Amino acid sequence: MIMLKKIRLSVNGKTADFEIDTGETLLEVLRKRLHLTGAKEGCGAGECGACTVLVDGTPINSCLYLGVWADGRDIVTIEGIARDGELSKVQKTFISEGAVQCGFCTPGVVITATAMTGKNKQYSAEEIKTELAGHFCRCTGYQNIIRAVQKALDD
C-alpha cells in the first residue's frame with residue numbers, strides 16, 4: 001500500500017511542494033521528479049557515495065535518506081554547486097588536477113569536498129582520505145582527487 005505525504009523542499013535555491021510516496025528515497029525524488037541526475041545511483045546501499053548531496057550543508061547518501069525526511073530542508077545537488085554558469089573552486093580544481101576520470105563518482109566527491117571547504121579547517125592528506133572514505137572511485141584515481149581537494153582547501 002502506497003502512503004503519500006506532502007513535503008516542501010528547497011533544492012538548489014528553488015522551493016517546491018511535492019506529494020511523494022513515504023517510501024521514496026531522496027535520490028528517487030531528485031532524479032525522477034526533479035530530473036536532477038547528477039547524483040548517481042551506484043550501490044543503492046550507501047557504500048559508494050555516488051548519490052551524495054548536501055542536506056542543510058551536511059553530505060548524506062541520498063539513496064538511504066527518505067524523501068519525507070527532507071521536508072523543510074535545504075538540499076544542494078551537484079547541479080547547484082556552480083553559480084551563474086561559473087564552476088565552483090572545487091569543480092575547477094578537480095578539472096585542473098585531472099580528478100574527474102570517468103566522472104561517475106565525481107559529483108558525490110565534489111559535494112563532500114564542497115562541504116569540507118565550508119568548515120574553514122586545515123586538513124592533512126590523511127584527514128582528506130578519512131572525509132572521502134565513503135566514496136569509491138573505480139578508476140583508482142584517488143591521488144588526483146586528494147590533490148584536487150587539498151588544492152581547493154588551500155586556495
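Being a predicted model, the structure only gives us computed values, none of them experimental.
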Does [X] reach the main-chain N or O of [Y] with its side chain, forming a donor-acceptor pair under 3.5 Å?
| X | Y | result |
| --- | --- | --- |
| R31 | T37 | yes |
| N61 | G46 | yes |
| T25 | L64 | no |
| D56 | D74 | yes |
| T117 | T114 | yes |
| E79 | G38 | yes |
| R33 | E19 | yes |

Taking all heavy atoms of [X] and all of [Y], pick out the closest pair and write down the distance.
| X | Y | result |
| --- | --- | --- |
| C63 | G44 | SG-C, 3.8 Å |
| V55 | I60 | CG2-CG1, 3.3 Å |
| C105 | F136 | CB-O, 3.4 Å |
| P59 | T52 | CB-CG2, 3.8 Å |
| A99 | T106 | O-OG1, 4.1 Å |
| C137 | Y142 | N-OH, 2.8 Å |

Examine [X] and [Y] and state if one hydrophobic cluster contains both, with Ile, Leu, Val, Met, Phe, Trp and Tyr joined whenever side-chain heavy atoms are less than 4.5 Å apart.
| X | Y | result |
| --- | --- | --- |
| V110 | L27 | no |
| L132 | Y123 | yes |
| L9 | L36 | yes |
| L66 | L26 | yes |
| V29 | L54 | no |

Are any of the side-chain heavy atoms of [X] and [Y] separated by less than 4.5 Å?
| X | Y | value |
| --- | --- | --- |
| E41 | S62 | no |
| D17 | I7 | no |
| D155 | T93 | yes |
| N144 | F94 | no |
| I111 | I81 | yes |
| T112 | H135 | yes |

Point-to-point distance, once rounded to the nearest 0.5 Å, from CE of M3 to CE of M1: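 Taking CE in M3 and CE in M1, the distance rounds to 6.0 Å.
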
Distance in Å, L34 CG paired with E28 CD, rounded so as to fall on 0.5 Å steps: 12.5 Å

Atom CG of L4: over 12 foreign heavy atoms under 6.0 Å: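 Check passes, neighbour count above 12.
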
Verdict with supporting geometry, Y65 and R73, side chain to side chain contact (heavy atoms under 4.5 Å, CB included): CA-CA 12 Å; Y65 196 90; R73 305 235 183 233; 3.6 Å; yes

Residues S124 and E126: side-chain donor-acceptor under 3.5 angstrom: no

Side-chain donor-acceptor pair present, T77, N12, cut-off under 3.5 Å: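 A pair is found: one side chain offers a donor N or O, the other an acceptor, under 3.5 Å apart.
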
Carboxylate-amine/guanidinium proximity below 4.0 Å for E86 and K92: yes

Qualifying residue for side chain to side chain contact (heavy atoms under 4.5 Å, CB included) with I146, from K151, K129, E131: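 The passing option is K129.
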
CA sep, side-chain torsions, deciding dist, call: Q91, I78, side chain to side chain contact (heavy atoms under 4.5 Å, CB included): CA-CA 10 Å; Q91 290 171 311; I78 190 69; 4.0 Å; yes

Audit row: L153, Q122, side chain to side chain contact (heavy atoms under 4.5 Å, CB included) steps and yes/no: CA-CA 7 Å; L153 292 167; Q122 295 292 323; over 6 Å; no

Steps toward side chain to side chain contact (heavy atoms under 4.5 Å, CB included) verdict (K121, E127): CA-CA 11 Å; K121 177 183 172 189; E127 290 170 322; 4.2 Å; yes

